[in-house]
Amino acid sequence: CEEALRVIWCESRGDALAYSAGNRGLFQINAIHQWRVGGDLALLYDASTNVRVAHEIWSEQGWTPWRHCGLGGGD
């Protein structure tokens with residue numbers, strides 16, 4: 001969806017290997033979500049895994065975790 005692409009651009013400029021302040025991959029997933037990948041943070045650099053985890057987070061919280069990318073708290 002358009003919003004997801006906007007978040008990817010805002011967070012990582014589309015770089016699956018992006019790292020900033022403990023956040024990893026396309027959606028810049030924070031290490032607090034390492035349980036979603038069995039504790040292996042390196043898996044967050046895999047684009048499909050990062051998108052899957054981002055979708056899980058979005059399903060639970062909407063766009064709130066990415067509100068700094070100009071998306072409201074809604075979904």
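Just the heavy atoms: all of them, side chains too, but no hydrogens, waters or symmetry mates, feed the values below. This structure is a prediction, so every number in the text was calculated from the model and none was measured.
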Between [atom1] on residue [X] and [atom2] on residue [Y], distance to nearest 0.5 Å:
{"X": "Q28", "Y": "I8", "atom1": "CD", "atom2": "CD1", "value": "11.0 Å"}
{"X": "Y45", "Y": "D40", "atom1": "OH", "atom2": "CG", "value": "11.0 Å"}
{"X": "L17", "Y": "N50", "atom1": "CG", "atom2": "CG", "value": "10.5 Å"}
{"X": "C10", "Y": "W66", "atom1": "SG", "atom2": "CH2", "value": "11.5 Å"}
{"X": "L43", "Y": "S48", "atom1": "CG", "atom2": "OG", "value": "9.5 Å"}
{"X": "T49", "Y": "L26", "atom1": "OG1", "atom2": "CG", "value": "10.5 Å"}

Next on the checklist: I want to check something: taking the side chain as every heavy atom from C-beta on, are F27 and V7 in contact at a cut-off of under 4.5 Å?
Outcome noted: yes
Checklist entry - What are the two closest non-hydrogen atoms of G25 and S12, and how far apart are they? => result O-CB, 3.5 Å
Checklist entry - Given I57 and R52, is the side-chain contact (heavy atoms from CB on, under 4.5 Å) satisfied, shown in steps? => result CA-CA 9 Å; I57 295 167; R52 178 187 57 78; over 6 Å; no
Is the backbone of [Y] close enough, under 3.5 Å, to the side chain of [X] for a donor and an acceptor to pair up by distance?
{"X": "N30", "Y": "N23", "answer": "no"}
{"X": "R24", "Y": "G22", "answer": "yes"}
{"X": "W63", "Y": "C69", "answer": "no"}

Checklist entry - What about L5 and W9, same hydrophobic cluster or not, with Ile/Leu/Val/Met/Phe/Trp/Tyr joined at side-chain heavy-atom distances under 4.5 Å? => result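 Per the 4.5 Å side-chain linkage, L5 and W9 are not co-clustered.
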Checklist outcome for this item: Those residues at least two apart in sequence (or on a different chain) that pass side-chain hydrogen bond (donor to acceptor under 3.5 Å, both in side chains) with R36 are H33, E56, E60
